[in-house]
Amino acid sequence: MKLVTFTDSTSKPRTGWLTDDATGVVDMHRISDGALPADMLSFIDDHERYMALIQENNWQAMAATHLMANVVLLAPLPNPRSFRDYISFEQHLKNASSKFGHQVAPEWYEMPIFYFTNHQAIYGPGQDIPRPVRETRMDYELEMGCIIGKAGKNIPADQADAYIFGYTIFNDFTARAIQGKEMKCNLGPAKGKDFANVIGPYIVTKDELEPTRDETGRFNVQMTSRINGQPICNGNFNTIHYTFGQMMERASENNVMLYPGDIIGSGTVGWGSLIETNFDAHRPLEPGDVIELEIDGLGILKNQII
């Protein structure tokens, strides 16, 4: 299923799914007479029971309650409980580190590394993204987001799949000039990262990506980016060093609980940001620029800088 949060001219944000032909949206709360919730976090919290109801009543086959032309898609999970972002693609790490004058630390090969980003600065598809005041090197980052579906702690990597609800595209917008100053102080990236985390256009339930797994267990899906229609990155998720299972194992160590509605970012695919070429591939982002991120099976996430 492709699950969405949406609005129209007459209602508050609602939750539903795309029809098979993607021409319409089904409002899950309306078609179930209230048996299914109206918001995504509530759905994820008890998704196993809700999915059983959908299957029992054949609700997934219901006709659209709204045509796509009459709705606006919002961030599919506008209120995640937390948001950890990893740096799990070796190529990106090598590229970006060199531009900041760093070397890849040997410890990176020992464990997945993450930071907590701002789970209250969530944007969705089509939303305008304000450039931070006085920022001169604004960047995008092409990532996949993993949405946790079940609470757990001390989760072994080989059992982590049972705790995953689904996946989405994640654009980790970054203020590189601010970040560069902050990280010289051995802390951060803080304000270089906290202003815009964009997810969408929908959440794909984990079963839909399963056919794309390769022999290593990684998803063999293309990841591409465009700025104002110009191709920038053409990568593949299967180049990732650490799997989501390994990331979840690390995050849940020492009795730390992961909760439904937490998001884990994969980190940026190699060449999936402008810092990796020191902005030679494209100048820093400016108001008016349109950024499109596309991942096979997860759609296209499009935003404009203002």
Side-chain angles (χ1 to χ4, degrees), residues 1-3 17 37 40-56 76-77 79-90 92-93 107-117 119 143-170 172 197 199 202-221 223 236-269 295-298:
M1 296 178 74
K2 294 178 173 64
L3 294 157
W17 55 78
M40 188 68 74
L41 188 58
S42 295
F43 184 82
I44 294 172
D45 276 342
D46 201 10
H47 72 273
E48 292 180 344
R49 182 170 68 88
Y50 292 138
M51 286 293 195
L53 282 175
I54 291 169
Q55 185 173 11
E56 290 168 9
L77 179 56
N79 54 339
R81 287 195 166 93
S82 72
F83 206 141
R84 294 169 175 86
D85 194 18
Y86 282 79
I87 183 164
S88 294
F89 288 90
E90 183 183 29
H92 169 74
L93 181 61
E107 289 80 2
W108 184 83
Y109 295 96
E110 299 175 8
M111 57 189 171
I113 301 296
F114 71 89
Y115 66 96
F116 280 97
T117 190
H119 67 291
E143 306 191 26
M144 186 186 296
C146 174
I147 293 86
I148 304 301
K150 185 170 70 172
K153 58 186 177 181
N154 300 320
I155 301 168
D158 61 1
Q159 298 177 27
D161 188 67
Y163 295 83
I164 295 174
F165 174 72
Y167 306 96
T168 191
I169 301 174
F170 169 36
D172 173 28
N197 292 308
I199 58 172
Y202 38 74
I203 296 171
V204 171
T205 50
K206 65 180 180 181
D207 57 292
E208 290 209 8
L209 275 196
E210 282 307 304
T212 71
R213 285 195 189 273
D214 63 18
E215 64 278 2
T216 72
R218 290 161 173 79
F219 298 124
N220 181 14
V221 291
M223 304 176 69
N236 195 300
F237 190 81
N238 65 8
T239 59
I240 199 164
H241 186 84
Y242 290 109
T243 66
F244 279 124
Q246 291 169 310
M247 296 180 222
M248 292 166 63
E249 181 177 80
R250 176 66 175 167
S252 66
E253 284 179 3
N254 302 321
N255 297 308
V256 172
M257 187 71 75
L258 302 187
Y259 291 96
D262 287 351
I263 300 180
I264 289 177
S266 66
T268 307
V269 68
I295 301 178
D296 288 350
L298 300 185

Q | Geometric class of the Y50/F43 ring pair [parallel <30°, tilted 30-60°, perpendicular >60°] | A | parallel
Q | Pairwise side-chain contact, K2 with L298, heavy-atom cut-off 4.5 Å (strictly under) | A | no
Q. Any donor-acceptor pair under 3.5 Å linking the side chain of W108 with the backbone of S88?
A. no
Q | Beyond-backbone contact of D296 with T212, side-chain heavy atoms, under 4.5 angstrom | A | no
Q. Which pair of heavy atoms, one from L41 and one from G261, lies closest together, and at what distance?
A. CD1-CA, 3.8 Å
Q | Nearest non-hydrogen partners of G145 and F244, listed with the distance | A | C-CZ, 4.4 Å
Q: Please determine which of I169, V269, T268, V221 meets the side-chain contact (heavy atoms from CB on, under 4.5 Å) test together with M144.
A: V221
Q: Report the C-alpha separation of T239 and R218 in whole Å, then their side-chain angles, then the decisive distance to 0.1 Å, and conclude whether the side-chain contact (heavy atoms from CB on, under 4.5 Å) test is met.
A: CA-CA 8 Å; T239 59; R218 290 161 173 79; over 6 Å; no
Q) If you measure from CE on M247 to CG on L258, what distance do you get to the nearest 0.5 Å? A) 13.0 Å
**Q.** Minimum heavy-atom distance between P260 and I44, given as atom pair plus value
**A.** CB-CG2, 4.0 Å
Q: Determine whether the aromatic ring centres of F83 and F170 lie less than 6.0 Å apart.
A: yes
Q.
How long is the straight-line distance from OH of Y86 back to CD1 of I113, given to the nearest 0.5 Å?
A. 9.0 Å
(Q) With a 4.5 Å cut-off on side-chain heavy atoms, are R49 and D46 touching? (A) yes
Q: Report the C-alpha distance between F219 and L209 in whole Å, list the side-chain angles of each, state the deciding distance to 0.1 Å, and finish with yes or no for side-chain contact (heavy atoms from CB on, under 4.5 Å).
A: CA-CA 7 Å; F219 298 124; L209 275 196; 3.8 Å; yes
(Q) Is the shortest side-chain heavy-atom distance between D262 and P80 below 4.5 Å? (A) no
Q: Tell me, yes or no, whether the heavy-atom count around E210 atom CD, taken from other residues, nucleotides or ligands under 6.0 Å, exceeds 12.
A: yes
Q: Ignoring hydrogens and angles, state whether a donor on the side chain of T117 or D85 is under 3.5 Å from an acceptor on the partner side chain.
A: no
Q | Taking every non-hydrogen atom, the tightest pair across E143 and I295 | A | O-CD1, 3.6 Å
Which pairs would a plain distance check flag for residues 150-167, meaning a side-chain donor or acceptor within less than 3.5 Å of a matching protein atom at least two apart in sequence or in another chain?
unit_1: N154; atom_1: OD1; unit_2: N254; atom_2: N; d: 3.2
unit_1: N154; atom_1: OD1; unit_2: N255; atom_2: N; d: 3.0
unit_1: N154; atom_1: ND2; unit_2: N255; atom_2: OD1; d: 2.7

**Q.** Check: N220 and N236 side chains under 4.5 Å, non-hydrogen atoms
**A.** yes
Q) How long is the span from the OG1 atom in T216 to the CG atom in N238, to the nearest 0.5 Å? A) 6.5 Å
Q | Considering all heavy atoms, the nearest Y242-E110 contact | A | OH-N, 3.5 Å
(Q) What I'd like to find out is whether the side chain of T168 reaches to under 4.5 Å of the side chain of V204, using heavy atoms alone. (A) no
Q: Under the salt bridge (Lys or Arg N to Asp or Glu O under 4.0 Å) rule, collect the residues that match up with R250, sequence neighbours excluded.
A: E253
Q: Assess the pair F89 and F237: is the distance between their ring centroids shorter than 6.0 Å?
A: yes
Q. What is the minimum heavy-atom distance between H119 and R81, and which atoms define it?
A. CD2-O, 3.6 Å
Q. What's the spacing between R84 CZ and F116 CZ if we round to 0.5 Å?
A. 3.5 Å
**Q.** Gap between atom CE of M1 and atom CD1 of I203 - 0.5 Å precision
**A.** 11.5 Å
Q: Could you tell me the separation between the CD1 atom of I54 and the NE2 atom of H47, rounded to the nearest 0.5 Å?
A: 10.5 Å
Q: For residues I263 and I199, determine if any side-chain heavy atom of one lies less than 4.5 Å from a side-chain heavy atom of the other.
A: yes
